[in-house]
Protein chains: 4
Amino acid sequence: MQRQLTQRGQERKAQLVSFAIKAFAQNGYHTTSVADIVDGVGVGKGVFYWYFSSKEELFIEILRTSQRDMRRRQQREIRGVEDPLDRIDLGIRAAVLWFAENDDLRRLLEFARNESTFASAVHHGQKVLVEDARTHIEEGIKEGRIPPRDPEALALAMLAVANQLTQVYISERNEDPEVVADTVAEFCRGGLGMSPEFRQRP
Amino acid sequence: MQRQLTQRGQERKAQLVSFAIKAFAQNGYHTTSVADIVDGVGVGKGVFYWYFSSKEELFIEILRTSQRDMRRRQQREIRGVEDPLDRIDLGIRAAVLWFAENDDLRRLLEFARNESTFASAVHHGQKVLVEDARTHIEEGIKEGRIPPRDPEALALAMLAVANQLTQVYISERNEDPEVVADTVAEFCRGGLGMSPEFRQRP
Amino acid sequence: MQRQLTQRGQERKAQLVSFAIKAFAQNGYHTTSVADIVDGVGVGKGVFYWYFSSKEELFIEILRTSQRDMRRRQQREIRGVEDPLDRIDLGIRAAVLWFAENDDLRRLLEFARNESTFASAVHHGQKVLVEDARTHIEEGIKEGRIPPRDPEALALAMLAVANQLTQVYISERNEDPEVVADTVAEFCRGGLGMSPEFRQRP
Amino acid sequence: MQRQLTQRGQERKAQLVSFAIKAFAQNGYHTTSVADIVDGVGVGKGVFYWYFSSKEELFIEILRTSQRDMRRRQQREIRGVEDPLDRIDLGIRAAVLWFAENDDLRRLLEFARNESTFASAVHHGQKVLVEDARTHIEEGIKEGRIPPRDPEALALAMLAVANQLTQVYISERNEDPEVVADTVAEFCRGGLGMSPEFRQRP
DNA sequence: AATGAATGAGTCTTCATTCAT
DNA sequence: AATGAATGAAGACTCATTCAT
């Protein structure tokens, strides 16, 4: 749904999106009705359909925006860093921190991955992330600092670790994101096969 | 719902469970109606409510059984193995292979983890699994063959990697489970911090 | 929707159909809601969807049944009559009388013809009716008792006249169906080009 | 709704009407929303309600205008023709040709006749048309050139034939309007009971 | 144990109309 | 005259669950 929105319109839409994120994350996509959302925002039911053509569309928009945002975060952190191993490290930490700050979105992405209706919508974004990581890994391999293995598998594994540990330690147990980021990064470095001595460029 | 079931009754119930698993895995829990299930099995609606008090109960039963089954598999593989590092290795491989053989159930468990209604049902089983792994890890640490770190975090990370790589490489791309198990195990060994020289008992 | 119906089920369905016909005829298809129908019959909303998969399906079923019934009526009246001109005459009268007795259905058929969603559903039945008439007309032409003209056009014209005059004189003004049938038949005979002298077989 | 309209206002209104006619004819009255219309014309919703107080009013205005236009056409064709039988003939042909040129409007009139909300709006106009025809028919009867029968019924029958054959042969099958007009006229002459010898004034 | 039938609250969505600007 | 935004009643349809038989 493409619509020219006024200032006020944009605010309304943002309001709806933000409330929907919270509601979906807390109660689940299927369990949250459009009525819940509009009631929560305090507007009539029609308003929802003025801004979104369906509940599904809203959700997909949320997914897309999230993924874009997360990637932006990663790229911002990495920009200008030359060492591919440092880039991997920073990328992992960025992911953990983004997950920590956007726990609702992490939940939604996780849900969407497992829901056939939305899997494809998430897939693309995830692929992009994995491609990013793969580039750095390949560079590391070429430099002889990472033992040669399937870079995609490694990238996927790292993403999974970041996601899982964030969920348990940050989302559920409220531990310090920086510490969790350390743990994740360390596990991943090991998983990639960088022994400590590899870490410095030859 | 506890009921004394005749032979035939048990078969009926198994029929329902097995169809439900397929349906839930393929179309999602919310999208699969009780009507779909009984129609699929070719029985009346009353039958369903004779064996299960609700759709939710059925799903939880599926989750429980699955987790129990997976654990059994892991324990069978490990039984009698003395070396904790070998137990970890075998446990990881068992997980990957169980996931591979029970892709529908893996999906359902994954879904349930992200659904507030079912999260708690999965939690317990996952905790047990993690406790198992934790024991071996702690032993490994005590023996000085794994650098000391939070064993639970390590266990969780391993589970995540197993799950993720199984999904992508086996469920989606149909690769050889044994090969995937190797990849997962290798990543995890590295993540745990066992350098190659650690692998043999001192 | 195919379903094995019990005695009771068949009665329920008939009840719904019969009420729906009245409601649609009186208030229009679009203006009559499923809620109106189930309320009118005094059952829950789900009942409707137990018997019909949609409001549209119900309507189409009504159309089909009507057309079949009307045709049956025509054929019953004509059976065994040898003279094609007599068959035409009897066919026209049967149509008028059926319309008279099933005014609600006549209305619905008329409505459906003009509604793109249903036009095709009516089309087929109308074609059959026209084909029937065309056969008799062609025979009449071959016998030299009807001047040669496009038989289909003639059939269509007769149907239109029957419909229109029934509507105005019977449905709106409650005149005697037999008299109206006479009028229609006479107009049509003339329209076909049977001058009085043609009427007897040579 | 009476409003003093500027030049531009009149154009806007005409634009709306003309788009609405197409939309209603193509998709049906109920299926075409006010939003469809204003979007189609490319204006805001307020505009619609500036010119029409409701969707219904717009439709009724369309019906009225159409009927007036059709009658004008008939009268123009007939003007100055003395022979009542010729007037009938010309009237029929005018109807067919108007229908042919204004297929959208024919559809809408046909729809409206069968919709209780609009039936009354069409009724009046149809009555006028029938009255016109009735006059000529009565004259024909008085002159002894048409056998004496209910002139109104005859008029209605003729209208029905014109409508029906136009729909099938022109609207659906794109045949030559002049040819169809011939067919209709011939059928009606026969229906009225003018044998060929009647056609000339005594 | 089992079936077909029924319930009715709840879901998403549409749309004529109105309002503030 | 005109717009974008908002309203909210109403619509079609779903579905977990229960009931009569």
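Computed from a predicted model, the values in this text were never measured in an experiment.
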When rounded to the nearest Å, what value does the distance between P atoms of E:dA1 and F:dT21 take?
23 Å
Whole angstrom is fine here: how far is it from CD1 in C:Ile37 over to C1' in F:dG11?
12 Å
So salt bridge (Lys or Arg N to Asp or Glu O under 4.0 Å) across residues 106-116 of chain D, not counting sequence neighbours, yields D:Asp103-D:Arg106, D:Asp103-D:Arg107, D:Glu110-D:Arg113
With no hydrogens and no angle check, is any side-chain donor or acceptor of C:Ser66 less than 3.5 Å from a backbone partner on C:Leu105?
no
Between P of E:dG10 and NE2 of B:His30, the distance in whole Å
17 Å
Atom CZ of A:Phe48 and atom C1' of F:dA5: how far apart are they, to the nearest Å?
16 Å
Can a donor-acceptor pair be found, under 3.5 Å and without considering hydrogens, that links the side chain of B:Gln26 to the backbone of B:Lys22?
no
Can you tell me how far C1' of E:dA2 sits from CD of B:Gln15, to the nearest Å?
14 Å
If you assign A:Glu56 and C:Leu5 each to the DNA chain E nucleotide with the nearest heavy atom, which residue ends up on the more 5' nucleotide?
C:Leu5
Whole-Å distance separating the CG atom of C:Leu58 from the P atom of F:dC13
11 Å
A:Gln67 side chain to A:Val122 backbone, donor-acceptor under 3.5 Å
yes
Which pairs, protein N/O on one side and nucleotides 6-10 of chain F N/O on the other, fall under 3.5 Å?
unit_1	atom_1	unit_2	atom_2	d
F:dA6	OP1	A:Arg12	NH1	2.7
F:dA6	OP2	A:Tyr51	OH	2.6
F:dT7	OP2	A:Gly44	N	2.6
F:dG8	N7	A:Gly46	N	3.4
F:dG8	O6	A:Gly46	N	3.3

Its dot-bracket string being built from Watson-Crick and G-U pairs below 3.5 Å, with | for another strand and [ ] for crossing, DNA chain F has the pattern .||||||||||||||||||||
Measure from CZ on B:Phe52 to C1' on F:dT18 and round the result to the nearest Å.
18 Å
Report the distance from atom OH of B:Tyr49 to atom P of E:dA5, rounded to the nearest whole Å.
18 Å
Check whether NZ of the Lys or CZ of the Arg B:Lys55 lies under 6.0 Å from the centre of the six-membered ring of B:Tyr29 and within 45 degrees of that ring's axis.
yes
Give the rounded distance in Å between these two atoms: CD of B:Glu57 and C1' of F:dT17.
14 Å
Want to settle it: does B:Thr32 or C:Val34 sit nearer the 5' end of DNA chain F, counting the closest nucleotide to each?
C:Val34
For F:dT3, does OP1 or OP2 lie under 4.0 Å from any side-chain N or O of A:Thr6?
no
B:Glu57 vs B:Arg64, salt bridge (Lys or Arg N to Asp or Glu O under 4.0 Å): CA-CA, chis, key distance, verdict:
CA-CA 10 Å; B:Glu57 196 210 58; B:Arg64 290 252 158 74; over 6 Å; no
Check: C:Leu58 and C:Phe48 side chains under 4.5 Å, non-hydrogen atoms
yes
In terms of the angle between their ring planes, are B:Phe111 and B:Phe59 parallel, tilted or perpendicular, with boundaries placed at 30° and 60°?
perpendicular
Pairing donors with acceptors under 3.5 angstrom, does anything connect the side chains of C:Gln15 and C:Glu11?
no
